[in-house]
Number of protein chains: 2
Amino acid sequence: MEILRLIKIKTTFSYEKLFFIDEMKRKVTLKQIARELDVSISTVSKSLRNSPEISEDTKQKVQAFAKLYNYKPNNIALSLKNKKTKTIGIIIPEIVHHFFATVISGIEQVANENGYNVIVCLSDESFDKEVINMEMLATGSIDGFIMSLSKETQLKKDFHHIVEVINQGMPVVMFDRITNDVFCDKVIIDDQMAAYEAVDYLINKGFKKVALVTTVDYVSVGKLRTEGYLKALRDNNMMAEEDMIVKIEDIDNCSVKIERLLEEQKPDAIFAVNELFAVTCIKMAAKMGVNVPDDLSVIGFTDGIISQFSSPAITTVSQNGIKMGRSAAKMLIDRLEMEEEDEHYRTEVIETHLVERESTPTL
Amino acid sequence: MEILRLIKIKTTFSYEKLFFIDEMKRKVTLKQIARELDVSISTVSKSLRNSPEISEDTKQKVQAFAKLYNYKPNNIALSLKNKKTKTIGIIIPEIVHHFFATVISGIEQVANENGYNVIVCLSDESFDKEVINMEMLATGSIDGFIMSLSKETQLKKDFHHIVEVINQGMPVVMFDRITNDVFCDKVIIDDQMAAYEAVDYLINKGFKKVALVTTVDYVSVGKLRTEGYLKALRDNNMMAEEDMIVKIEDIDNCSVKIERLLEEQKPDAIFAVNELFAVTCIKMAAKMGVNVPDDLSVIGFTDGIISQFSSPAITTVSQNGIKMGRSAAKMLIDRLEMEEEDEHYRTEVIETHLVERESTPTL
DNA sequence: TTTCAACACGCAAACGTTTTCGGTAGGGTG
DNA sequence: CACCCTACCGAAAACGTTTGCGTGTTGAAA
């Protein structure tokens, strides 16, 4: 009750206090504290920030009172004054997707470490939603963006919304699904190289008929992984046959296309550009009595839940989402907190590696 | 260039314009527009909001100018003035978890529909982080919370941080991992009933030795599901044997405990309270040469990626995360946007249902 | 007694809005 | 010519902070 003693210096206090009790603990402001203690707002503010301008007496009184009523400075007011919100905006195609969830997790980690919050918007693979969300956040709500392009945006190749926010002086970091048409910091993996290594691995195991299950070409990462596949074949003096490549547009007809591939081409190994395709290959194979890995080897991409828990567990290219997220957040915060602007943009490449599991021969 | 004609009315304009061009498209404010057009800030504001107070001429001029320079009102300033941020805070244990990701997705949907943003914080199952995050957001950043308790919070049973923000007048909606110790809106499933139905289903299939793989009791949903299991046995005149129940503390020793259960008790069916436990049962069974579903049936909980894609696909209690998220967001926004405060809190129960797949006999 | 420094504090501007209230100029009416 | 009304616009407060600067008081030194 040292606190109360300090505060009771004011005679009017006992009366005024009723106001606070009545109002419960509803958000105290500097102004209210100032009124109660009969000092100016600036005195209160300075006291709380321990300014030498203010006498020890007053400081103690104010600090005690503030603590008693659990004063916390209002974030919005601070944001307005400082012209920075200490929050970063994330725009991704969807969140119900293991890879994107891990990236968010990574971003949140370093955001938290640096006193930032993250606000998440989902584009749902839609160009329009991506644009709307960006415009919504760009008007003061956040200090910078971390984003991965929607499929539709990649298809349209329209990036004006991104260029605009960058021109407004708001930093943007793109990850995974990026474009070279806009200049900003980027975090990616070497999709082509990773795919190359996976396919090369299969070829070195002695497989002769390595098929590819991939996406349509406008998905940037899908295209790159396809190129890696082709290059690996070429470098090993193998012919890429069109029939051994299936490109899947929407997820729904995925099964039938894969089934046809298995039936007609009878590959001895498959490289799939994501884990959903990979697990579907295994499912279809099982259905047809083809044993994985004895009769067919499968390598997927993105080391997610599916790869770990399917039976057999899937050998896969691990793409460390946490690391990508952390890296992206670090790049963004670095840029936000440096004094002079730097026109030099960086692209960080996160390393990948092959996680060997049960869908490829153990030796 | 109707726009330009309108604006050129001002003679000083061509000079001032240089300022803007130089500054690129950097965020225009009312004040700047006012200066350029030589009117007051209020006139600009009113013009843009189409007030009848302003003459058509001025309105057109201002609107044209604003459009040209892509004026958008600053969100932070609006938040400060209106004392509402139009963003809702989500606090969940982790995001790399299919169920929570779906809930966020649901929340984001209705948030978006109503012009709200979501800011996501992860407690990482830690009490302290949960508290810190809440305090961080409670000081003006958001209008209300949607949250699911961390394990540690459930263990400590300390909810002062939640009660505090509620007392400050900030609405909270809890989902899934809730507590009855704080009064607020809630969205849950009937965990006990859902578990009951799953176990009852197994018993009706004729299984005599139904085991349970569950969490430790302080996890609210785990406990409820355990109770459902026990009740189902009781109602079917079966004895609950202690040896048939394994409670798993941390995920790491999950495998060994399940293996021991399979070896020592040889159950003919297992009910697992989450999909991770379920898939581990199947993996262990396979390892021991026990075939699922021929020799052993398994039912899981939470219809996530694992259940869908494991082989065999897992029969499971589906817990619609999207629906829970949508419902929670709706409840919160309803409360935020109603004029007088309502002291009456609601608890919404989202229905569940059993998704029959390959881990239980097809007939 | 005067002067000057140090100390302690308040004023006011600023961040970007919205909105209430006044004020002015012009034209119409008596 | 006096008056009033209307149409149009601006000043200012408010939201909650921070901070540079001005000012009053006190004590001590001259």
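By convention in this document, chain letters (A, B, ...) are assigned in the order of the sequence lines, proteins followed by strands, and residues within each chain are numbered from 1.
Of the possible donor and acceptor atoms, one in the side chain of A/Ser79 sits under 3.5 Å from a partner among the backbone N and O of A/Asn75. For the pair A/Asp185 (side chain) and A/Arg346 (backbone), a donor-acceptor distance under 3.5 Å is present.
Between A/Lys31 and D/dC15, a side-chain N or O to OP1/OP2 separation shorter than 4.0 Å is present. Phosphate contact (OP1/OP2 of D/dA14, side-chain N/O of B/Lys83, threshold under 4.0 Å): absent.
Where B/Thr58 and A/Lys81 each meet DNA chain D at their nearest nucleotide, the meeting point lying more 5' is that of B/Thr58. Looking at which nucleotide of DNA chain C each of B/Asn82 and A/Glu56 is closest to, the 5′-most match is held by A/Glu56.
Between the P atom of C/dG16 and the CG atom of B/Asn75 lies a distance of 13 Å, rounded to the nearest Å. The distance between atom CD1 of B/Ile76 and atom P of D/dG16, rounded to the nearest whole Å, is 15 Å. One atom, CG of B/Leu30, and another, C1' of C/dT19, lie 13 Å apart when rounded to the nearest Å. As rounded to whole Å, 13 Å separates atom P of D/dC8 from atom CD of B/Gln60. Spacing between atom CD1 of B/Ile41 and atom C1' of C/dC15 amounts to 11 Å, rounded to whole angstrom units. Remark: C1' of D/dA14 and CG of B/Leu80 are 9 Å apart, rounded to the nearest angstrom. Rounded to whole Å, atom P of C/dC15 lies 9 Å from atom CD of B/Gln32. One atom, CD1 of B/Ile54, and another, P of D/dA7, lie 13 Å apart when rounded to the nearest Å.
Residues satisfying the ring pair (Phe, Tyr, Trp, His ring centres under 6.0 Å) test with A/Phe100, not counting sequence neighbours, are A/His97. Checked against side chain to side chain contact (heavy atoms under 4.5 Å, CB included), A/Thr179 has the following partners two or more places apart in sequence or in another chain: A/Leu149, A/Phe159, A/Met174, A/Asp181, A/Val182. Contacts of B/Glu125 classified as side chain to side chain contact (heavy atoms under 4.5 Å, CB included), with partners at least two apart in sequence or in another chain: B/Pro93, B/Glu94, B/Ser150, B/Lys151, B/Arg177.
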Checklist entry - Step by step, would you call A/Lys129 with A/Leu122 a side-chain contact (heavy atoms from CB on, under 4.5 Å)? => result CA-CA 8 Å; A/Lys129 284 191 80 175; A/Leu122 310 180; 5.6 Å; no

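Contacts between residues 42-52 of chain B and DNA chain D, counted as heavy-atom distances below 4.0 Å, involve B/Ser42, B/Thr43, B/Lys46.
Salt-bridge annotation for B/Lys330 and B/Asp334: present, with a side-chain N of the basic residue lying under 4.0 Å from a carboxylate O of the acidic one. Salt bridge annotation for A/Arg326-A/Glu113: present, with a cationic side-chain nitrogen under 4.0 angstrom from a carboxylate oxygen.
Applying the ring pair (Phe, Tyr, Trp, His ring centres under 6.0 Å) rule to pairs touching residues 73-95 of chain A yields nothing, sequence neighbours excluded.
When distances are taken from the side chain of B/Asn74 to each of D/dT18, C/dG16, C/dT18, the shortest belongs to C/dG16.
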Show each protein N/O and nucleotides 4-7 of chain C N/O combination with a separation under 3.5 Å, one pair to a line.
none

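Backbone-only contact: A/Lys72 has heavy atoms under 4.0 Å from sugar-phosphate atoms and none from a base. Backbone-only contact: B/Leu78 has heavy atoms under 4.0 Å from sugar-phosphate atoms and none from a base.
With B/Ile54 as the fixed residue, the side-chain contact (heavy atoms from CB on, under 4.5 Å) test singles out one of B/Arg49, B/Lys59, B/Gln60: B/Lys59.
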